[in-house]
Amino acid sequence: MNLLEKLNKNQREAVLHTEGPLLILAGAGSGKTRVITHRIAYLIEKGIRPYNIFAVTFTNKAAEEMKNRVMNIVGPEGNSVFIKTFHSAAAYILRRFGEAINITKNFTIYDMGDQEDLIKKILIDLKLDPKKIRPAMIASKISEIKDKEDYLEGVDPALLLPDYFAFNFAEVFDLYRNKMTENNALDFNDLLCQTVRLLRESKDSLKDMQRMWRYFMIDEYQDTNYSQYLIAKYLSSATKNLCVVGDDDQSIYSWRGADIKNILNFERDNENTKVITLEENYRSTKQILDAAYCVVQNNVNRKNKNIKSSRGDGENITWCIANNEYGEGEFVINNIISLKSREKLSNRDFAIFYRTNAQSRIFEDYLRREKIPYRIIGGMKFYDRKEIKDILAYLKFIVNPNDSISLFRIINTPVRGIGKASQDKISEIARSEGISEWTVIRDELMTGKVPKGLDDFKKIITALMNDLPEVPAQIKLSKFMTDIVEISGYRENLREENTLESSSRIDNINELINSIYDYEQSDLDATPEQFIQDISLYTSEQNPEEKHDCVTLMTVHNAKGLEFPVVFLTGMEENTFPHKFSIDTENGIEEERRLCYVGLTRAMDRIFITNAELRRNFMGTEYKTPSRFIDEIPREYMNMKSYISQMFNRESKFDERFETRPYIQNRDKFKQAASINKNENRNDPSDKIIISSEKKEPEKRESGSRFSLKESVVHPEFGVGKIIKIEGTGDNVKLTIDFGTKKRILLEKYAPLDKLN
DNA sequence: TTGAGGCTTTCAACA
DNA sequence: AAAGCCTCAA
C-alpha cells in the first residue's frame with residue numbers, strides 16, 4: 001500500500017494500530033501530523049466512513065491544515081471527517097444536542113472582552129470599584145476555577161475561590177453565572193464544561209454521538225485540561241478507539257489549565273494501551289536539535305527521550321547581542337535581506353518569534369520600511385477592531401436578543417443620544433420587572449424622559465430581526481451584514497466623519513463583508529449563528545487579506561506545530577524570556593524552558609537568537625541580561641555577533657536625550673527617518689507611517705467654514721479671539737481659537753461665534 | 001445629559 | 001501604546 005511507503009517503522013505501526021487506546025509520544029519534528037493524517041486516510045481506506053472519525057487539534061490553523069492534508073490523500077470525501085479544535089467541537093455539540101440540558105441553539109459565545117464588560121457591570125451593581133478590583137483579574141480567576149477538576153466534580157465553587165478581604169468572590173461568581181444564563185451566553189470555559197455536563201446528564205445525546213463517532217484522535221494531548229480529558233474519555237468510552245498524540249516537552253499551556261497528568265497517566269487510565277514513540281526528527285539540522293535538546297534537558301520534570309536528527313550537520317546557530325531593540329530589529333531585517341539575495345529564499349521562509357505581542361512593533365516598522373510584506377499571527381486581531389466588533393455585536397444581538405453585552409455595545413453606536421443615564425434606566429427597569437433589556441425597549445416600558453434616539457434604535461433592530469429568518473435562504477448573509485451596516489447608520493456615520501481613520505474603518509468593514517461573502521461561498525447553508533461561532537473561535541489569523549508571500553511574525557506560543565527554514569528567536573533576555581511573571585517559581589521556569597524548546601525546534605535550517613542590552617518598555621528603559629536559556633546552549637554550536645543600531649544608538653547619548661525626552665518624540669523621528677525615500681507611494685495603504693504623520697496636519701481647504709485662518713471673532717463668554725487652526729469639514733468644522741489668556745477648540749456648528757467687525 | 005479631548009494608569013502567553 | 005476617568009462645552 002503506497003499509503004505506508006513514506007513512513008518509518010514506528011510511524012507505520014502507529015498508522016496500522018487502529019483499534020483500542022493508542023498513545024503516540026512524538027518528539028518535535030518527528031512527523032506527528034503525517035502520522036495523524038495517514039492514520040485517518042488508512043481508516044478510510046479500510047472502509048471506515050469518514051464521518052465516523054473525530055479528530056481535534058489545538059488551533060484552527062492546525063485543524064485547517066490537517067483537513068487539507070487529509071483531503072490531499074483521500075480526496076473530497078476527506079471533507080466529511082470531523083476535524084476541529086476542542087472549542088469548536090464543543091460548540092458544535094452544544095448547538096446540536098444542548099437542548100437536552102436547556103441550552104438553546106442561539107447561544108452567544110463571549111470572548112474575553114465581553115466577559116470583562118459583564119464582570120464590570122456586576123461589580124458596579126455590587127457597589128464595588130472596578131478600578132480596584134480588576135475585571136480582568138476576576139475573569140481569569142473564574143476561568144481558572146472552571147478548568148479545575150474539583151469544579152467539574154461538583155465541589156462548591158465558593159470553596160475553590162481565593163479569599164479576598166475586599167469583596168465576596170463567591171457572590172461575584174454566582175452573579176456572573178446567573179447573568180451568563182440570562183444572556184444566553186457561554187464563555188470559552190463553558191463550552192467545554194457544559195459539554196461535559198451534557199455528556200454526563202443526557203445518555204441519549206451521548207449515545208447519538210457515539211453512534212456517529214467511532215474513532216478519536218487528539219493532537220497536542222499534553223495541553224489538554226481536565227474537561228477536555230473528560231470529553232475525550234466519555235465520547236470514546238463505547239469503542240475505546242482513542243488515539244492521543246503529544247510531547248511532554250512541548251507542554252506550554254498550564255496557565256490555561258492544561259494538565260500534564262493527562263498524558264503521563266494515559267497508559268494507566270486506559271487498559272491495553274499501545275505506546276509508540278517517534279524519535280526521529282526530520283525537520284531540524286543537528287545543531288538546532290542538539291541545542292534545543294540541551295536546553296530542555298535542564299528541566300527536572302520530564303520523561304527522558306532519545307531524539308535523533310536525520311538531517312545531519314547544518315550551520316551553527318547565530319547568537320547576536322544588539323545594543324537595543326532597534327539594533328535587534330535592524331539585525332533581523334538585514335539578515336532577511338542578505339539571506340534572500342545569497343540563497344533562493346522567499347519571504348515565507350522566514351519567521352520572527354517573540355515572547356509577547358508588544359515586541360512585534362519594531363520588526364513591523366523595519367519590515368515596512370524595507371517594503372517586505374509580512375503577516376502577524378495573533379496580537380491585535382482583525383476581529384478585535386472596534387468597528388468589526390461593533391458590527392458583529394449587531395449580528396450577535398439580532399440572533400440572541402438576550403445578549404445584553406452586545407445590546408449596550410450597539411445601543412448608542414453610532415451616537416443616537418442614548419447616553420449612560422438612559423442606559424442605566426433601561427437596565428433598572430429590566431431588573432425590577434425581571435425581563436430582558438430588549439423587552440423594555442421593544443415594549444416601550446421606559447417612563448419619564450425617553451431619549452428620542454431610542455425609537456430609532458427599536459425600529460432598526462426590529463427591521464433587521466424581521467429579516468433574520470430569511471437569511472440562509474433568500475437573503476444572503478453578506479447581504480444581511482450590508483443591511484446592518486446601512487440600516488444602523490454605521491457606515492453613514494463613518495462617511496460623515498470623513499477622516500483618514502474613518503475611511504480605514506470603512507475599508508475594514510468592507511473587508512469583513514468580503515470575508516463573509518467568501519465564507520458563504522464555502523458553505524452555502526451558512527447561518528448567522530454558525531458564522532458568529534466560527535469567528536468567535538477563530539482568532540489566530542489576523543487579516544483575511546494577504547495570504548501571499550509574507551514574513552511571519554508571531555509569539556512563540558502561536559508557533560507551536562509550525563516549521564520554517566529560518567527562525568529568529570528574539571528578545572532572549574531575563575524577565576522577557578523567561579517572562580518576569582514566571583521567573584520566581586520552578587514550574588514557571590520549566591514551562592518557559594519548554595516554550596524556548598518549542599521556539600528552537602520550529603527551525604529547519606537556520607536559527608538566529610537575539611537579545612538587546614537595553615530595552616524600552618512602557619515603564620522606561622531597562623538594562624537587560626541575556627536569557628539563562630542562551631547559557632544552556634553549548635558554545636560549540638554558536639557563532640556570536642554583536643550589532644549596534646545604525647539608526648538609534650540610544651546608549652551613546654542616553655543621559656541627555658532619553659532620560660528627559662518622552663519616548664514618543666524619538667519614535668516620531670524614527671518614523672520620519674523610516675518614511676524617507678518612500679514618498680512616491682503615498683497611497684499605499686500598507687504604509688501606515690506616512691498616513692499617521694499626515695493625519696496631524698490641519699485640513700485647510702474645503703472645510704466649508706464661514707471663517708478663515710487668522711480671522712478675528714467674538715465669543716460671548718471668552719471675548720475676542722483669533723482663529724489659529726481649522727480642522728474638519730461641514731458640520732464637523734473645529735476651530736482652534738486663541739482668546740489671549742487661553743486657547744479653545746470649538747465646534748463651529750454649536751459655538752456662538754460672530755465675526756469681528 | 002451627551003460627547004470630546006486631556007490626563008493618568010497600566011501592560012503574558014490563547015481558544 | 002491603549003484604555004479609562006475627569007472636565008468642559010453645547
Side-chain angles (χ1 to χ4, degrees), chain A residues 56-63 84-91 109-113 116 120 129-131 134-136 140 143 147 186-192 220 223 225 228 252-258 353-361 377-381 384 386 412 414-425 449 451-453 533-540 554-560 571 575-583 588 591-592 594-595 598-599 616-619 662-664 667 692 715 717-718 732 734 736 742 744-752:
Chain A
V56 283
T57 69
F58 232 65
T59 63
N60 291 288
K61 229 176 144 46
K84 285 179 186 291
T85 64
F86 254 114
H87 287 84
S88 62
I109 298 170
Y110 276 5
D111 63 19
M112 263 163 54
E116 283 168 28
K120 197 170 157 194
D129 184 358
K131 221 173 157 184
R134 295 204 355 262
S140 85
S143 162
D147 284 334
L186 300 178
D187 62 30
F188 287 144
N189 299 103
D190 292 335
L191 291 173
L192 303 173
E220 309 284 7
D223 281 328
N225 63 23
Q228 291 165 329
I252 54 175
Y253 283 101
S254 71
W255 51 275
R256 222 172 70 184
F353 299 160
Y354 34 78
R355 178 63 177 79
T356 65
N357 282 305
Q359 290 163 250
S360 71
R361 182 130 256 124
I377 309 288
M380 176 65 174
K381 295 147 209 153
D384 278 347
K386 182 185 181 304
N412 201 32
V415 171
R416 300 187 177 92
I418 310 169
K420 192 169 178 314
S422 309
Q423 293 179 25
D424 287 350
K425 211 160 159 191
K449 217 169 124 191
K452 54 183 170 16
Q533 171 182 311
D534 284 1
I535 53 165
S536 306
L537 297 174
Y538 197 91
T539 53
S540 61
M554 62 182 136
T555 62
V556 191
H557 280 91
N558 259 317
K560 192 164 80 160
N575 292 315
T576 305
F577 194 0
H579 196 272
K580 59 170 179 283
F581 293 172
S582 308
I583 218 154
E591 180 146 323
E592 295 285 319
R594 289 192 294 270
L595 188 59
V598 167
R616 177 168 286 266
N617 53 28
F618 71 101
M619 301 274 268
Y663 181 51
I664 197 78
R667 274 196 68 76
S692 65
H715 187 279
E717 192 183 337
F718 301 117
N732 289 315
K734 275 180 284 183
T736 308
K742 38 182 132 176
R744 286 291 135 113
I745 298 173
L746 304 172
L747 259 184
E748 182 174 334
K749 190 181 164 190
Y750 296 116

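Quick note on labels: first sequence line is chain A, next is B, and so on, each numbered from 1. Quantities reported herein were computed from a predicted structural model and do not represent experimental measurements.
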Review point. Under 5.5 Å between ring centres and under 30° between planes: does that hold for A:His579 against the base of B:dA12?
Key: yes
Review point. Which pair of heavy atoms, one from A:Arg355 and one from A:Leu595, lies closest together, and at what distance?
Key: NE-CD2, 3.6 Å
Check your understanding: At their closest point, which heavy atom of A:Gln533 faces which heavy atom of A:Ser88, and how far apart are they?
Key -> NE2-O, 3.9 Å
Review point. Rounded to the nearest Å, what distance is computed from the NZ atom of residue A:Lys560 to the C1' atom of nucleotide B:dC14?
Key: 11 Å
Practice item. Measure from the side-chain heavy atoms of A:Phe581 and tell me the nearest of C:dA1, B:dT2, B:dA12. Key: B:dA12
Point to revise | Contact nearer the 5' end of DNA chain B, comparing A:Phe58 with A:Lys580 | key: A:Lys580
Check your understanding: Can you check the A:Lys386 NZ to C:dA2 P distance for me, whole Å?
Key -> 15 Å
Check your understanding: Which nucleotide sits closest to the side chain of A:Arg355: B:dA13, B:dC14, B:dT2?
Key -> B:dA13
Check your understanding: Does the A:Gln228 side chain pair with the main chain of A:Asn225, one donor and one acceptor, at a distance under 3.5 Å?
Key -> yes
Review point. What does A:Arg594 touch in the nucleic acid at a heavy-atom separation under 4.0 angstrom: a base, only the sugar-phosphate, or nothing?
Key: nothing
Practice item. Measure from the side chain of A:Met112, starting at C-beta and using heavy atoms only, and say which of B:dT1, B:dC14, B:dA12 lies closest. Key: B:dC14
Point to revise | Side chain of A:Phe188 (C-beta onward), nearest among B:dC14, B:dA15, C:dA1 | key: B:dA15
Review point. Watson-Crick or G-U wobble partner for B:dA13, using a 3.5 Å limit on both distances?
Key: none
Exercise for review: Mind running side-chain contact (heavy atoms from CB on, under 4.5 Å) on A:Lys420 and A:Gln423 for me, showing each step along the way?
Suggested key: CA-CA 5 Å; A:Lys420 192 169 178 314; A:Gln423 293 179 25; 5.6 Å; no
Practice item. Check the distance between B:dA15's P and A:Asp147's CG and give it to me in whole angstrom. Key: 14 Å
Check your understanding: So does A:Ser582 reach the base of B:dA12 with its side chain, donor to acceptor, closer than 3.5 Å?
Key -> yes
**Study point:** Spacing of A:Arg616 atom CZ relative to C:dA1 atom P, expressed in whole Å
**Key:** 11 Å
Revision key, fill the gap. Regarding the side chain of A:Lys120, the nearest nucleotide among B:dA15, B:dC14, C:dC5 is C:dC5
Review point. Atom CD1 of A:Ile252 and atom P of B:dA12: how far apart are they, to the nearest Å?
Key: 17 Å
Review point. What integer distance in Å separates A:Lys420:NZ from C:dC5:C1'?
Key: 12 Å
Review point. Can a side chain N or O of A:Asn412 be found less than 4.0 Å away from OP1 or OP2 on B:dT2?
Key: no
Review point. Quick check: does any side chain N or O of A:Tyr354 sit under 3.5 Å from a backbone N or O of A:Val556, one acting as donor and the other as acceptor?
Key: no
Point to revise | Spacing between A:Ile418 atom CD1 and B:dT1 atom P, to the nearest angstrom | key: 15 Å
Review point. Are A:Asn357 and B:dA12 close enough that a side-chain N or O sits under 4.0 Å from OP1 or OP2?
Key: no
Exercise for review: Select from A:Glu592 and A:Arg416 the residue whose nearest nucleotide in DNA chain B is closer to the 5' end of that strand.
Suggested key: A:Arg416
**Study point:** Phosphate OP1/OP2 of B:dC14: any A:Thr555 side-chain N/O under 4.0 Å
**Key:** yes
Check your understanding: Whole-Å distance between B:dA13 C1' and A:Ile583 CD1?
Key -> 15 Å
Review point. Which one of A:Phe58, A:Tyr253, A:Phe86 satisfies the side chain to side chain contact (heavy atoms under 4.5 Å, CB included) criterion with A:Glu220?
Key: A:Phe58
